[in-house]
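Report on the following structure.
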Amino acid sequence: MSFSSQTKDELVESCRLGSTEEKRSLLCGITHAAGSMTLGRGGIGLQYITENSSVAALTVRLGRELYSVTAETSISEKERLNAVSNVVKFTGDGVRDLLNDAGYGVDGDEDFELGYIPPRLTDDESKAKAFLRGVFLGAGSVSDPNKGYHLELVCRYEKFAATLCDIMASLGISAKFLPRKSSYIVYLKDGELVSDFITLIGAMNSTMAFEEARVMRSVSNHINRQQNFEDANMNKAAAAAAQQLLDIEFIRLNAGLDSLPPKLREAAELRINNPEATLSDLAEMAEISKSGLNHRLAKLSTIAQELKDK
C-alpha cells in the first residue's frame, strides 16, 4: 500500500468531526476534488470517483447523514491501466442542497463561478482544516518520504487552486500551483511543509512515519557527505604524496639528496620510505609539528622546480 493510501485510510479512520459545519466542509471539499454533476431522468445527481474504498465509504456516510441523499456504490475496472476505482452516485432532492452548499449555485442563490469556494466553508480554522482534508481525500497524493518530499492536490479550475493556496497560507503553509495538462496542481516540495500539512489535516501517525523517514534520510545524507569528504581528502593527500615523491626523485637524479640541508634530506628520506603515510604520520615520525614538516616538503618542491628551470 502506498504512503498516500495509508494517509487517506488514517484520515478516514480518525475522522472525529465535532460539528455539522465541519462535516459539511469536509464533504464539500471531497465534492470539489472528486465529484461531478450528472443529469438524468431523476434530475441532478452527483458522482464521485476515487481509488480509495475508505474515502468512498466516508463520502456515502456523510452524504446520507447531512443531506439524506440516495447513495449507490459500484466498482469500475480499467483493464488497460490495471486500475480499480470506486464509484459513488448520489441522487435525490438533497443533491441540490449539497451542490448549493459547495458553491455551485444550482438554485441561483449566489453568483456561480467554476472553482468558487464559499467563505462559509472555511471561515474558521476547524472548518478550513476539514475542507483541506476533504480536498486531499478526493484529489491529493503524497510521495513516500523515503524517496522524496512531494505533496500535491489536483484541481480542475485555476480559481479553485488559487483559493486553496490562500486558505493554506492563512494556516501558515505556503503552497504554489501550476498548470498540468487540463488541470492545476497545488503542490508542496519542502519536507517540513509537507509534514505540517499532513499534521494540519489530522494524519498524526503518517506525520510520525514521515518525520522518522526524514530523520533517517538526513542521517544517511550526512554519512554520505562525510564519506565523500573523507574520500576527497584521501585523494587529495594521495595526490600530494605522489607529487612529493616525484619532486624528491627529480632532486635525487639531478643534484643528489646529499646536496640537501640535513633537515630537508631527512624529510625527503621519510617520504621515500613511507610513500603512503599521511602528513600527520610523517610529522610524528620526524618529531616535529605538522606545519613544520609541510614547510620542509614545500621547500623540496621549490628546489625541484628550480632545478627544472635550470
Side-chain angles (χ1 to χ4, degrees), residues 1-12 25-36 48-52 54-55 58-59 81 83 85 102-103 113-117 119 121-122 125 127-218 221:
M1 181 183 294
S2 69
F3 187 76
S4 276
S5 296
Q6 292 175 357
T7 303
K8 291 182 180 182
D9 285 346
E10 180 191 352
L11 287 172
V12 172
S25 292
L26 174 61
L27 181 57
C28 288
I30 297 174
T31 300
H32 274 282
S36 57
Y48 300 81
I49 299 177
T50 174
E51 295 180 357
N52 190 289
S54 297
V55 174
L58 176 64
T59 304
L81 300 177
S85 297
E113 185 178 359
L114 291 174
Y116 171 69
I117 303 174
L121 295 176
T122 61
E125 185 174 321
K127 288 194 285 185
K129 290 178 180 179
F131 185 81
L132 291 175
R133 184 186 304 178
V135 175
F136 179 80
L137 289 173
S141 63
V142 57
S143 63
D144 184 341
N146 292 296
K147 300 178 180 178
Y149 309 132
H150 184 81
L151 182 145
E152 64 180 40
L153 306 169
V154 181
C155 309
R156 281 172 282 195
Y157 308 110
E158 183 177 7
K159 181 177 181 63
F160 185 77
T163 307
L164 272 188
C165 288
D166 290 340
I167 295 170
M168 293 167 71
S170 71
L171 297 171
I173 297 177
S174 177
K176 298 179 181 180
F177 75 92
L178 50 77
R180 181 190 294 169
K181 297 182 179 179
S182 59
S183 302
Y184 294 86
I185 308 298
V186 173
Y187 66 93
L188 300 171
K189 283 186 172 294
D190 178 80
E192 186 172 349
L193 289 178
V194 173
S195 180
D196 288 345
F197 182 84
I198 58 180
T199 299
L200 182 78
I201 61 177
M204 301 308 300
N205 290 335
S206 294
T207 298
M208 288 189 289
F210 189 91
E211 286 299 324
E212 182 180 353
R214 281 185 71 197
V215 170
M216 294 302 295
R217 284 193 71 190
S218 177
N221 289 339

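Below, each value reflects all heavy atoms present in this structure, side chains not excepted, and no hydrogens, waters or symmetry copies.
Proximity of L164 to F131: side-chain heavy atoms (C-beta onward) are separated by under 4.5 Å at one or more points. Side-chain contact between L132 and L171 is present, with at least one heavy-atom pair separated by less than 4.5 Å. In this structure, F136 and L151 have side chains that are in contact, with non-hydrogen atoms separated by less than 4.5 Å. Looking at heavy atoms from C-beta onward, I201 lies in side-chain contact with L11 at the 4.5 angstrom threshold. By the 4.5 Å heavy-atom criterion applied to side chains, R156 and S36 are counted as neighbours. Between L58 and L26, the closest side-chain pair of non-hydrogen atoms falls below 4.5 Å. Between K8 and V12 the shortest side-chain heavy-atom distance does not fall below 4.5 Å. Contact annotation: the side chain of Y157 never approaches that of H32 to less than 4.5 Å [non-hydrogen atoms, C-beta and beyond].
Counting all heavy atoms, side chain and backbone alike, Y116 lies closest to G103 at CD2-O, 3.6 Å. V186 approaches A161 most closely through the heavy-atom pair CG2-O, 3.6 Å. The minimum heavy-atom distance between S206 and T7, with the atom names listed, is OG-OG1, 3.2 Å. Between A175 and C165 the shortest heavy-atom distance is O-SG, 3.8 Å. Minimum interatomic distance between S25 and L121 (heavy atoms only, all atoms of both residues): OG-O, 2.7 Å.
Within the structure, salt bridge (Lys or Arg N to Asp or Glu O under 4.0 Å) contacts touching residues 129-138 (residues at least two apart or in different chains) are E125-K129. The side chain to side chain donor-acceptor pair (under 3.5 Å) pairs that include a residue from residues 188-204 are H150-K189, S195-E211, T199-T207, where partners are two or more places apart or lie in different chains.
Applying the side chain to side chain donor-acceptor pair (under 3.5 Å) criterion to T31, with sequence neighbours excluded, gives Y48.
Annotation: the span from T50 atom OG1 to N52 atom CG amounts to 5.0 Å, rounded to 0.5 Å. Atoms OG and CG, on S4 and D144 in that order, are 9.5 Å from each other to the nearest 0.5 Å. A distance of 4.5 Å separates CE of M168 from CG of L188, quoted to the nearest 0.5 Å. For the atom pair S85 OG and I49 CD1, the distance stands at 6.5 Å (nearest 0.5 Å). Between atom OH of residue Y187 and atom CG of residue L193 there is a gap of 11.5 Å, rounded to the nearest 0.5 Å.
When the shell of 6.0 Å around CD of Q6 is examined, it contains more than 12 heavy atoms from other residues, nucleotides or ligands.
In this structure a side-chain-to-backbone donor-acceptor pair under 3.5 Å is present from S143 to G148.
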Step by step, work out the side chain to side chain contact (heavy atoms under 4.5 Å, CB included) result for I185 and V154.
CA-CA 5 Å; I185 308 298; V154 181; 3.8 Å; yes
